[in-house]
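For reference, the structure is listed below as structure tokens.
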Amino acid sequence: MKNLYRPIESVIEDIKAETPNIATYRFRPKEPISFAAGQFVELTVPGVGEAPFTPSSNPNVTDTIEITIMSVGTVTEALTKMKVGDTVGLRGPYGNGYNMADFEGKEILIMGGGVGLAPLRSLILALFDDVEKYKKISIRYGARTPGDIIYKELLPEWAKMKNTEVLQTIDQPHPDWKGTVGVVTVLLDDLPLLTTVDVGKLPFNPETAVACVCGPPIMLKFVNVALLDKGFKPENIYHSMERNMSCGLGKCGHCMMGEFYICKDGPVMTAAQIAEFDDPF
Amino acid sequence: MGGDRPDVLGGPRSASQEKSYTPFQARGLARMKEVFIGSENLLKLIGRWAKGHRVYVPVTFDIMNNEDTPDYDLVKDEVPETMKLDGAAPAHSAKPFIFYPREVVANYPSSDAEALVEAPSTIVVGPRGCDVRGLAKFDKVYWSTKHFTEEYDDPFVIEKRENTYIVSIECTAAKETCFCTMVGGKPYATEGFDLNLAPLGTGFIVTVGSDKGETLLSDSDDLLREVTSEHKSERDRNRASVTEAVDRQNAQFAVDQPYDKRDLAASEDAWAYVTQNCVGCGACNRVCPTCTCFLLVDQRAKGGYERSRNWDTCLSIGYARTGGGGNSRPALAQRLENRLRCKFEYSRDRYSLVTCTGCGRCIDACMGNIDMRESIKHVVTEKAKA
């Protein structure tokens with residue numbers, strides 16, 4: 001029987017600073033880990049502990065995994081002290097990712113807040129691999145300040161992809177920022193309310209479009225309300241749920257939300273699945 | 001896992017043995033086969049078991065003037081004189097035998113899963129009906145393929161489950177805090193045991209519940225007798241009397257809502273009221289026969305690092321706290337609500353299993369004197385008013 005709790009040794013191949021407290025790590029596991037966009041892995045810092053992360057690399061690449069990580073807790077802080085060549089542990093993948101087969105032929109709205117764009121990057125890269133299949137990919141990203149923006153070099157490249165647009169905002173006015181200002185929901189202002197008209201560069205129909213949302217809980221809460229107002233169907237709104245997780249296997253209980261285990265029934269869950277909860281975020 | 005079981009059926013038996021009782025004829029017929037064993041002979045039988053297995057029995061400890069509640073102790077050379085098989089449930093459930101409070105589950109960088117699994121052959125004499133029902137939760141959570149095809153089987157619990165013999169005992173008395181009959185249970189096990197003992201004045205009726213249990217009797221025909229109708233009537237009288245006692249002492253906690261149809265989504269105030277005396281110590285989690293939650297903890301160890309699995313408590317503030325400081329249940333009242341609703345609603349919805357078995361240990365263990373029967377009654381009543 002396989003040991004469910006054993007991490008696979010993985011070497012840090014590259015560390016790229018994104019912001020003062022966010023970096024993208026590239027790991028090479030000794031055994032390949034193949035995941036679907038939206039699934040997560042448990043990352044072990046030896047002797048310190050584990051924490052769950054959704055990879056930010058292309059799921060179609062299996063020999064290495066990239067994870068963009070913000071230093072906020074015990075494990076992530078310990079990780080900042082590690083260097084290229086050091087060994088960490090990975091196990092997984094776990095949970096449910098995006099139902100990408102259902103995205104074909106549709107407009108896809110991707111809403112990221114802060115470091116919440118990181119897990120969405122793996123989805124974005126997977127979508128780009130088959131970009132012809134989707135009617136439109138609209139990436140809308142909010143960060144607190146220009147200094148908090150991750151993937152600064154990638155965002156303009158993504159905007160050049162076929163059928164793709166990238167809209168950005170920051171929370172407060174800033175001398176270095178010429179673009180939109182306001183919390184991330186302002187990026188939904190151009191969307192029609194329960195009607196079908198052409199807006200922005202490309203057409204958008206909220207009634208059939210799919211939304212994939214990841215960010216801090218407060219953002220999910222307001223984006224969820226805004227998208228439902230705009231006419232998105234609850235079953236088409238995918239949220240990345242965040243909970244404390246220890247095992248990732250549906251056993252330890254930490255991520256329980258009612259009868260759901262976020263690690264098994266999530267971490268990607270639709271607004272329809274979580275509709276029974278007053279405040280699931 | 002599993003392995004060959006000794007052939008305990010068929011084969012010639014001595015005339016003297018056949019006089020005492022009829023050997024089991026076939027494996028299929030063995031289930032629920034009943035025999036009688038005298039009290040002295042049971043001591044001998046337990047002594048024989050102790051030669052080949054770790055055997056735990058409930059014994060009384062003369063501490064804190066609490067001689068009545070026994071707890072488990074390992075049988076060493078002799079069966080201890082303080083062994084107490086009658087009365088109500090021991091202080092602990094069967095949980096610690098299959099789910100250790102702390103267990104190393106991985107060493108890394110290198111790891112050999114098989115070598116880590118510790119599951120010596122163990123016989124636990126003493127779990128009550130409530131405790132045996134509690135084991136079902138472990139089977140659901142850790143032994144998924146037994147119940148629904150999944151990839152996440154846990155060798156640490158499964159091997160202990162397979163190598164542990166559950167010898168349940170019927171209650172002959174109820175503690176004040178017992179309420180098994182309020183949650184669909186009985187003061188005796190009806191399934192899920194390997195052997196079951198019904199205490200009588202002069203001995204015990206032994207019921208065989210599994211092939212595994214049958215092996216425990218295979219070399220002890222000399223100690224067993226046929227069950228008589230008097231034995232059975234004595235058992236029935238005891239069952240009826242304890243059931244009646246449990247029913248009677250819980251009449252005051254009755255609510256107009258079946259235990260398996262609980263809806264405890266009451267107001268914040270209702271839950272704050274029942275949480276008043278809770279200090280979040282987690283004693284209820286630890287003694288609960290169905291609290292399966294744990295925390296993985298990594299630390300340095302010889303040759304690298306080790307990862308241990310430790311019992312955890314959902315009442316601690318850090319239980320649901322995330323890296324950025326978020327917390328889906330920051331208030332203690334939310335956490336106690338989560339605990340009780342997990343027992344009645346969430347486990348039912350996820351595993352088709354109400355996981356409160358009415359053992360009453362959470363009430364015994366609570367330093368704030370929180371009685372979950374009162375809590376449920378308050379919440380159900382407040383919800384009905386709303």
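Computation of the quantities below employed the complete heavy-atom set of this structure, encompassing side-chain atoms and omitting hydrogens, waters and symmetry-equivalent molecules. Quick caveat, the model's predicted, so the values are computed rather than measured. All chains are named by letter (A, B, ...) in the order of the sequence lines, taking the proteins before the strands, and each is independently numbered beginning at 1.
Contacts with chain B were tallied for Thr76(A), Val72(A), Val75(A); Val72(A) has the most, counting heavy-atom pairs under 4.5 Å. Interface remark: of the candidates Arg341(B), Arg321(B), Glu345(B), Arg321(B) forms the most heavy-atom pairs closer than 4.5 Å to chain A. Looking only at heavy-atom pairs under 4.5 Å with chain B, the residue among Met257(A), Glu50(A), Lys30(A), Met70(A) that has the most is Glu50(A). Looking only at heavy-atom pairs under 4.5 Å with chain B, the residue among Gly250(A), Gly73(A), Cys247(A), Ser71(A) that has the most is Cys247(A).
With values rounded to the nearest 0.5 angstrom, Leu4(A) atom CG is found 8.0 Å from Phe156(B) atom CZ. Atom OG of Ser246(A) is separated from atom OH of Tyr319(B) by 9.0 Å, given to the nearest 0.5 angstrom.
Not one N or O on the side chain of Arg6(A) forms a donor-acceptor pair closer than 3.5 Å with the backbone of Ala106(B). Under a 3.5 Å cut-off, the side chain of Asp298(B) and the backbone N or O of Pro46(A) do not form any donor-acceptor pair.
For NZ of Lys16(A), the number of neighbouring non-hydrogen atoms (other residues, nucleotides, ligands) closer than 6.0 Å is greater than 12. Heavy-atom contacts from other residues, nucleotides or ligands closer than 6.0 Å to OH of Tyr100(B) number more than 12. Within 6.0 Å of CZ on Arg286(B) lie more than 12 heavy atoms contributed by other residues, nucleotides or ligands. Other residues, nucleotides and ligands place more than 12 heavy atoms under 6.0 Å from the CD atom of Glu77(A).
Side chains of His254(A) and Leu295(B) form a contact here, defined as non-hydrogen atoms less than 4.5 Å apart. Between Leu296(B) and Glu42(A) the shortest side-chain heavy-atom distance does not fall below 4.5 Å. Asp265(A) places a side-chain heavy atom less than 4.5 Å from the side chain of Arg350(B). Annotation: side chain of Cys293(B) is not in contact with side chain of Met256(A) (no heavy-atom distance under 4.5 Å). Between Tyr5(A) and Asp154(B) there is a side-chain heavy-atom pair separated by less than 4.5 Å. Taking the side chain as every heavy atom from C-beta outward, Lys251(A) and Tyr142(B) approach each other to under 4.5 Å.
No part of Arg348(B) comes within reach of chain A, as not one of its non-hydrogen atoms sits under 4.5 angstrom from that chain. Heavy atoms closer than 4.5 Å to chain B are found nowhere in Pro217(A), neither backbone nor side chain. For chain B, the nearby part of Val45(A) is the backbone; its heavy atoms alone come within less than 4.5 Å. If you measure heavy-atom distances from Phe281(A) to chain B, you find no contacts under 4.5 Å at all. Looking at Tyr346(B), both its backbone and its side chain come within 4.5 Å of chain A, counting heavy atoms on both sides.
Between Arg243(A) and Thr322(B), the shortest heavy-atom distance links the atoms C-CG2, 3.4 Å.
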